[in-house]
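The structure under discussion appears below in the form of structure tokens.
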Amino acid sequence: MPAPVDSNLIRLRIATRAGVFRAEYSATGLAQLHFPTAGSPPLRPVLGRRAPRVRPWHTATKAALKAILAGRAPHRFPPLDLSAGSAFQQAVWRALAKIPLGETRSYGEIARALGKPKSVRAVGGACGANPIPVLIPCHRVLAAQGKLGGFSGGLDWKRRLLAREGLNPR
DNA sequence: CAGGATCTACTTG
DNA sequence: CAAGTAGATCCTG
């Protein structure tokens, strides 16, 4: 499950052709990224003394997000705050971040890369808990035999993101 | 202690 | 070949 709502997070929106994403920043970087939600949720930007520091991060987030949505590899990333996750989850997320655009790995391969070949199911769980989808490309993780597997943001998004990268899993 | 974004091997039709 | 089943195994709340 995602981290509890931290009132100290600065929430900003990102308008894209695919909808309005929501980014949340902690004191150390981007902590969460949310897919566009169905209705029109309250999107009041919370500005504070940390806003000036967040501004360049947000610029980087917007550019990176839009690049990936367009099927291009981002040049720059904002600092990521993964501290909400357990040690295991952070290890998985770091592994996901290494998958190049246009490539995929299976849950089993990720587990092996972590030196814990038997933690396959747990890897799936950690993927589902990824607080920063798209930038941390959990959509590039497929089940064995190239099957699509699951996706918390909805399988449509997973297919869509992969399609932008030139991939069409079963 | 149950359940999951798995995997492999095996059985069936 | 597709689809279903069972067991193994690990992390999380």
Side-chain angles (χ1 to χ4, degrees), chain A residues 1-9 11 14 16 18-39 41 61 64-74 77-78 80-170:
Chain A
M1 293 302 283
V5 176
D6 180 346
S7 56
N8 283 326
L9 291 179
R11 307 164 52 195
I14 302 176
T16 73
V20 179
F21 285 69
R22 186 159 42 90
E24 308 199 352
Y25 299 88
S26 70
T28 57
L30 177 63
Q32 294 180 42
L33 184 63
H34 299 277
F35 284 103
T37 45
T61 301
L65 175 60
K66 290 179 181 178
I68 296 181
L69 290 179
R72 307 183 331 254
F77 278 88
L80 306 182
D81 177 6
L82 304 181
S83 62
S86 68
F88 177 80
Q89 290 172 326
Q90 292 187 41
V92 172
W93 299 336
R94 283 194 299 271
L96 300 187
K98 292 179 187 167
I99 308 176
L101 184 141
E103 289 186 29
T104 63
R105 299 287 185 276
S106 72
Y107 295 96
E109 286 175 320
I110 298 295
R112 272 174 267 159
L114 293 178
K116 299 187 175 187
K118 290 179 270 189
S119 309
V120 196
R121 298 197 68 158
V123 165
C127 288
N130 173 17
I132 311 178
V134 185
L135 294 200
I136 292 179
C138 51
H139 60 278
R140 304 209 266 249
V141 184
L142 307 181
Q145 320 308 319
K147 281 182 289 192
L148 191 57
F151 197 64
S152 348
L155 287 176
D156 289 334
W157 266 111
K158 188 167 187 173
R159 268 189 282 267
R160 181 177 192 168
L161 290 168
L162 289 171
R164 296 304 291 162
E165 303 185 10
L167 304 172
N168 271 306
R170 332 177 194 177

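Atom set for the values below is all heavy atoms of this structure, side chains included, hydrogens, waters and symmetry mates excluded.
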Sub-4.5 Å side-chain heavy-atom contact between P133(A) and F21(A) = no
So what does F151(A) hit on the nucleic acid, given a heavy-atom distance under 4.0 Å: a base, only sugar-phosphate, or nothing?
-> base
Nearest-nucleotide pick for A143(A), side chain only, options being dA5(B), dC11(C), dC7(B) | dC7(B)
Using whole Å, report how far CZ of R105(A) lies from C1' of dT6(B).
-> 18 Å
Return the set of residues passing ring-ring contact (aromatic ring centres under 6.0 Å, His included) with W93(A) (not counting sequence neighbours), or none when no residue passes.
-> none
Any chance you could measure H139(A), atom NE2, to F151(A), atom CZ, to the nearest 0.5 Å?
-> 7.0 Å
Do the side chain of K158(A) and the main chain of L142(A) share a donor and acceptor less than 3.5 angstrom apart?
-> no
Is there a residue in residues 159-170 of chain A whose heavy atoms reach under 4.0 Å of DNA chain B, and which residues are they?
-> none
Between P of dA5(B) and CD1 of I110(A), the distance in whole Å | 17 Å
Ignoring the backbone of Y107(A), work out which of dT12(C), dG4(B), dT6(B) is nearest its side chain.
-> dT6(B)
How long is the line joining CZ of F88(A) and P of dG4(B), in whole Å?
-> 17 Å
Say whether, by atom type as modelled, one donor and one acceptor occur between the side chain of R22(A) and the main chain of T37(A) under 3.5 angstrom.
-> no
Partners meeting side chain to side chain donor-acceptor pair (under 3.5 Å) with S152(A) (sequence neighbours left out) | none
Classify the nucleic acid contact of G125(A) as base, sugar-phosphate or nothing, counting any heavy atom under 4.0 Å across all strands shown.
-> nothing
Side-chain heavy atoms of L162(A) within contact of P169(A), under 4.5 Å | yes
Would you mind building the protein contact string for nucleotides 8-13 of chain B? One character per nucleotide, 5' to 3', B for base within reach (heavy atoms under 4.0 Å), S for sugar-phosphate only, - for untouched.
-> S-----
Any side-chain heavy-atom pair from I110(A) and C127(A) closer than 4.5 angstrom?
-> no
Answer yes or no: is there a side-chain heavy-atom contact under 4.5 Å between V134(A) and F35(A)?
-> yes
List the steps, then state whether side chain to side chain contact (heavy atoms under 4.5 Å, CB included) holds for H34(A) with E24(A).
-> CA-CA 8 Å; H34(A) 299 277; E24(A) 308 199 352; 3.7 Å; yes
Step-by-step side chain to side chain contact (heavy atoms under 4.5 Å, CB included) determination, L101(A) to R72(A) = CA-CA 8 Å; L101(A) 184 141; R72(A) 307 183 331 254; 5.7 Å; no
Pair pattern of DNA chain B in dot-bracket, where unpaired bases get dots and | marks partners in another strand, Watson-Crick or G-U under 3.5 angstrom | ||||.||||||||
Side-chain heavy-atom pair L69(A), L161(A) within 4.5 angstrom cut-off = yes
Please list, by residue number, the residues of residues 113-121 of chain A whose heavy atoms come closer than 4.0 Å to an atom of DNA chain B; answer none if no residue qualifies.
-> V120(A), R121(A)
Sidechain-backbone polar pair: Q90(A) side chain, G85(A) backbone, donor-acceptor under 3.5 Å | yes
